[in-house]
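No hydrogens, no waters, no symmetry mates; every other heavy atom, side chains included, goes into these values. As the structure lists them, so they are numbered: ligands from 1, and atoms in each ligand from 1. All values derive from a computational prediction rather than experimental measurement.
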Amino acid sequence: MRVIIADSPEAVARMGAEQCIRLLQDKPAAVLGLATGSTPIALYAHLIQRRQQGEVSFRQVRTFNLDEYIGIAPQHPQSYRSFMQKQLFDHIDILPENTHIPSGMGDPMAESRAYEDKIHSAGGIDLQILGLGRNGHIGFNEPTSSLSSRTRAKTLTQETIRDNSRFFSADEEQPHLAITMGIGTILDARKVMLLAAGAAKADAVKAMVEGPISAMHPASALQMHPSALVIVDTEAASKLELIDYYRWVQSETLRVQGAYL
Ligand code: F6R
């Protein structure tokens, strides 16, 4: 697992976007795994800007989102489909039929199987973007999720429901269930890149990077991935025991390569 410590949330987003752009420049028909939540919004803003500047194209790109609420139609303002349209898809040259988000409306078991098949038929995910829950979840794989789980329905923890309540108004019913790629599905991606910013994520970052691999902290499963990149700001990195080592690796990389990444 490679840990990059950036000076600010903005730098986290910029570096994350740079990774996506490099991939798309090398492989214009790449398959991207995408996340929702507040963390990747600034990364998506960078991608939009770089698209507008003509530096990158999404014309051949296919995307698979991590998750979607169950019982919420795609047109619902709080659906992850609406989120992705607003934060990214409506502003880039991606073909609508190449964007995939699990459907929260059909039979969850059939939908989950079909989603796995679609990822497989696309040749697998080249780069999976991830955020990190305060309880260590990735996608909606809450603590005690099987580390080899595949796409399926999950019940959200009350903590996650509370954390996400900021997106719902008081009179809106907030879903308690979601379809999510499993941890096994995420680990199958050729590269994974997790972004986290802010002091509220510091405990989760420490457990993910330096804790034991445990279903109690689903993101710790990324320690088993051969190409996992973690980009965090100084606040999210503040509890890492080996922080000086990660910074040292960073400066050595800069010295040898002329860039952090
Ligand atoms: C979103 C997702 C979640 C979020 C996580 C962090 O598709 O799968 O795992 O990445 O809850 O959310 P934020 O970024 O809002 O802190």
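Looking from atom 10 (O) of ligand 1 to the surrounding protein, the closest heavy atom is Gly131 CA, 3.3 Å. Of the protein's non-hydrogen atoms, Thr39 OG1, 2.5 Å is the one closest to atom 14 (O) of ligand 1. Regarding atom 9 (O) of ligand 1, its nearest protein heavy-atom neighbour is Gly139 O, 2.7 Å. The single protein non-hydrogen atom nearest to atom 12 (O) of ligand 1 is Gly37 CA, 4.3 Å, given as residue, atom name and distance. Among protein heavy atoms, atom 6 (C) of ligand 1 sits closest to Leu132 O, 3.5 Å. Protein heavy atom nearest atom 5 (C) of ligand 1, with residue, atom name and distance: His137 NE2, 3.3 Å. The protein non-hydrogen atom at the shortest distance from atom 1 (C) of ligand 1 is Thr36 OG1, 3.1 Å. At the shortest separation from atom 16 (O) of ligand 1 among protein heavy atoms lies Lys201 NZ, 2.7 Å.
With a 4.0 Å cut-off on non-hydrogen atoms, Asn65 does not touch ligand 1 at all. Of the heavy atoms in Leu66, only side-chain atoms (C-beta onward) come closer than 4.0 Å to ligand 1. Contact annotation for Arg166 and ligand 1: only side-chain heavy atoms (C-beta onward) come within less than 4.0 Å of the ligand. Heavy atoms of Asp67 found under 4.0 angstrom from ligand 1 belong exclusively to the side chain.
Taking the six-membered ring for Trp and the full ring otherwise, the centers of Phe168 and Tyr69 sit less than 6.0 Å from each other. Under the 6.0 Å cut-off for aromatic ring centres, Phe64 and Tyr115 qualify, their centroids lying closer than that.
A side-chain donor-acceptor contact under 3.5 Å links His217 to the backbone of Ala204.
Ion pairing between a basic and an acidic side chain is recognised when a charged N comes within 4.0 Å of a carboxylate O; Arg134 and Asp203 show no such pairing. The residues Asp126 and Arg190 are annotated as salt-bridged, a charged nitrogen and a carboxylate oxygen being separated by less than 4.0 angstrom. Ion pairing of Asp7 with Arg14 is absent here, as no side-chain N (NZ or NE/NH1/NH2) approaches a carboxylate O to less than 4.0 Å. For Glu116 and Arg152, the salt-bridge test fails: no basic side-chain N is under 4.0 Å from an acidic carboxylate O.
Atom CE of Met109 is surrounded by 12 or fewer heavy atoms from other residues, nucleotides or ligands within 6.0 Å.
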